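Have a look at the structure below, then the notes.
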Amino acid sequence: MIPLAWYLIFSAALFCIGLFGALARKNAVAILMGVELMLNAVNVNLITFWHYYAQVHNAPYVHGLAFTTMVFVVAAAEVAVGLALIISAYRRRQTPIVDELTLLKG
Amino acid sequence: MNGLQVVFLLAALVSLFSAVMVVSARRMMHAALWLVLTLMGVAVIFVTLQSSFFAVVQILVYVGAIAILIIFSVMLTRRVMEDHGDQILPGWRAAGLVALLLFGVIVGFMTLWLGFSAVLVELPADAENLLELGRSLVSPQGYVLPFELASVLLVAALIGAITIAVDRKEDQDR
């Protein structure tokens with residue numbers, strides 16, 4: 001009984017907050033948190049359209065669930081590698097601030 | 001306004017508020033704890049979408065594993081962050097403008113779509129067919145190839161994370 005628009009606007013807002021966090025924060029871990037917010041917004045959108053499709057076609061619909069599962073798996077892999085990179089960079093440069101990680105600067 | 005809508009609005013407001021706190025909190029540990037609240041709010045949103053499986057997966061994977069990983073790395077990299085002044089880049093206004101513009105563009109385009117005014121009704125009880133999902137994940141006509149690729153990706157991420165983060169002696173004096 002909930003309008004579809006509420007879900008779409010909620011997930012757009014969550015995505016944009018995550019985008020702001022990924023763009024504006026200094027700390028590398030905070031940037032990763034912003035990326036996590038964006039991935040969650042995408043999952044909300046996928047499950048919303050899974051529900052919409054199942055409702056419109058009046059049949060169980062498995063493909064949307066399978067796609068969402070893949071997004072969960074990729075998000076878990078992404079955060080593990082990202083945090084390992086941050087910890088490795090922190091160990092060498094003693095800072096988690098992305099402005100000061102200038103190893104590649106010519 | 002019925003009960004389900006009230007639940008949705010409460011969960012959405014809590015999630016959005018704590019998401020704003022995630023990107024604006026000065027202390028990283030507070031941001032990580034607000035992130036846990038956001039993820040739980042999204043789990044409630046999944047319940048209102050009648051996807052109880054993904055609500056449980058959200059709690060297990062995000063709150064149980066990813067949030068703990070993030071809290072651990074906050075603690076491992078915290079030496080300078082507490083008293084380091086600004087947590088936000090000088091150009092944050094431009095970033096906020098980009099985010100607001102993107103929100104406006106997304107919502108603007110969505111209102112053009114005819115299905116935008118649709119109302120989600122309650123699905124029959126067998127709509128989230130987990131038996132079917134499990135079968136299709138391992139059947140050659142379904143998603144066995146993405147499924148196997150996902151397992152390879154997880155193993156590669158596990159080994160890669162250990163390789164990157166391991167504390168080698170010869171790196172110490174670089």
Side-chain angles (χ1 to χ4, degrees), chain A residues 1-10 12-14 16-21 23-27 29-30 32-34 36-37 40 43-44 47-48 50-52 54-55 60 62 65-66 68-70 72-77 79-81 83-88 90-92 94-97, chain B residues 2 4-5 8 12 16 19-20 22-23 28 31 35 42 45-46 48-51 54 57 61 66 69-70 73-74 76-77 80-81 87-89 92 95-96 98-99 102-103 106-107 110 115-116 118-121 123 126-127 129 132-133 136-137 143 146 150 153-154 157 160-161 164-165 174:
Chain A
M1 263 62 52
I2 301 177
L4 179 67
W6 292 11
Y7 287 103
L8 298 183
I9 290 171
F10 167 73
L14 194 61
C16 291
I17 293 171
L19 179 70
F20 175 78
L23 286 178
R25 293 290 292 227
K26 268 184 181 171
N27 193 316
V29 183
L32 213 59
M33 287 186 203
E36 287 306 308
L37 290 181
N40 252 279
N43 278 339
V44 171
I47 294 289
T48 306
W50 161 78
H51 187 121
Y52 181 66
Q55 162 189 332
V62 79
L65 295 175
T68 316
T69 313
M70 295 303 154
F72 265 96
V73 170
V74 173
V79 78
V81 175
L83 289 176
L85 279 172
I86 292 169
I87 288 172
S88 171
Y90 178 79
R91 196 172 279 141
R92 293 183 185 202
Q94 304 301 320
T95 175
I97 298 172
Chain B
N2 59 29
L4 198 60
Q5 288 179 339
F8 172 85
L16 287 182
V20 169
V22 168
V23 299
M28 286 308 300
L35 181 71
V42 172
I45 301 280
F46 285 157
T48 65
L49 279 168
Q50 285 183 282
S51 176
F54 280 106
V57 169
V61 173
I66 290 181
L69 262 182
I70 287 180
S73 35
V74 168
L76 283 171
T77 60
V80 289
M81 282 322 278
Q87 293 289 318
I88 225 158
L89 291 174
W92 66 272
V98 166
L102 183 68
F103 181 71
I106 292 175
V107 174
M110 280 189 315
F116 190 63
V119 174
L120 295 181
V121 296
L123 293 176
D126 65 336
N129 199 333
E132 220 24 66
L133 173 66
S136 84
L137 278 180
Y143 296 96
L153 175 73
L154 276 181
I164 294 168
R174 250 184 232 171

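In what follows, every chain begins at residue 1, and chains take the letters A, B, ... in the order their sequences are listed. Just so it is clear, the structure is predicted and the values come from calculations on it, not from any experiment.
- Heavy atoms only, all atoms of each residue included: A:P3 and B:Q5 are closest at CD-NE2, 3.8 Å.
- Chain B forms the most heavy-atom pairs under 4.5 Å with one residue out of A:N40, A:V29, A:V79, and that residue is A:N40.
- For chain B, the nearby part of A:W50 is the side chain; its heavy atoms alone come within less than 4.5 Å.
- Annotation: side chain of A:Y7 is in contact with side chain of B:L120 (closest heavy-atom distance under 4.5 Å).
- The residue among B:L49, B:N2, B:L89 with the most heavy atom pairs within less than 4.5 Å of chain A is B:L49.
- For the residue pair A:Y90/B:S73, the side-chain donor-acceptor check at 3.5 Å is not satisfied.
- Of the listed residues (B:V107, B:L69, B:N129), the greatest number of heavy-atom pairs within a distance under 4.5 Å of chain A belongs to B:L69.
- Taking all atoms of both residues into account, the shortest heavy-atom contact from B:A95 to A:L23 is CB-CB, 3.6 Å.
- Listed here is the closest heavy atom pair of B:I66 and A:A76: CD1-CA, 4.1 Å.
- With sequence neighbours left out, A:F20 forms a ring-ring contact (aromatic ring centres under 6.0 Å, His included) with no residue at all.
- In this structure, the portion of B:V42 lying under 4.5 Å from any heavy atom of chain A is its side chain and not its backbone.
- Within the 4.5 angstrom heavy-atom criterion, only side-chain atoms of A:L83, from C-beta onward, approach chain B.
- No side-chain heavy atom of B:V22 sits less than 4.5 Å from a side-chain heavy atom of A:E36.
- Ranked by heavy-atom pairs under 4.5 Å with chain B, the list A:T48, A:V74, A:L32, A:I86 is led by A:T48.
- When every heavy atom of B:V74 is checked against every heavy atom of B:M28, the shortest pair comes out as CG1-CB, 3.7 Å.
- Counting only heavy atoms from C-beta outward, the side chains of A:I9 and B:F116 approach each other to under 4.5 Å.
- Between chain A and the residues B:V119, B:L154, B:I106, the largest count of heavy-atom pairs under 4.5 Å involves B:V119.
- The aromatic rings of B:F54 and A:F72 sit parallel to each other, their planes meeting at less than 30°, with 60° as the upper class boundary.
- Interface residue A:M70: only side-chain heavy atoms are found under 4.5 Å from chain B.
- With a 4.5 Å cut-off on non-hydrogen atoms, A:L37 touches chain B through its side chain but not through its backbone.
- When all heavy atoms of A:L8 and B:M110 are compared, the pair lying nearest together is CB-SD, 3.4 Å.
- Of the listed residues A:L4, A:L19, A:V62, the one with more heavy-atom pairs under 4.5 angstrom with chain B than any other is A:L4.
- Between chain A and the options B:A118, B:A161, B:A157, B:A150, the largest number of non-hydrogen pairs under 4.5 Å is found for B:A118.
- Heavy-atom distances place the side chain of B:F46, and not its backbone, under 4.5 Å from chain A.
- Options B:L102, B:L16, B:V61 differ in how many heavy-atom pairs under 4.5 Å they form with chain A, and the most are formed by B:L16.
- Only the side chain of B:L137 comes within contact range of chain A, judged by heavy atoms closer than 4.5 Å.
- Both the backbone and the side chain of B:I45 have a heavy atom closer than 4.5 Å to some heavy atom of chain A.
- Contacts of B:L35 with chain A are made by side-chain atoms alone, with heavy-atom separations under 4.5 Å and no backbone atom involved.
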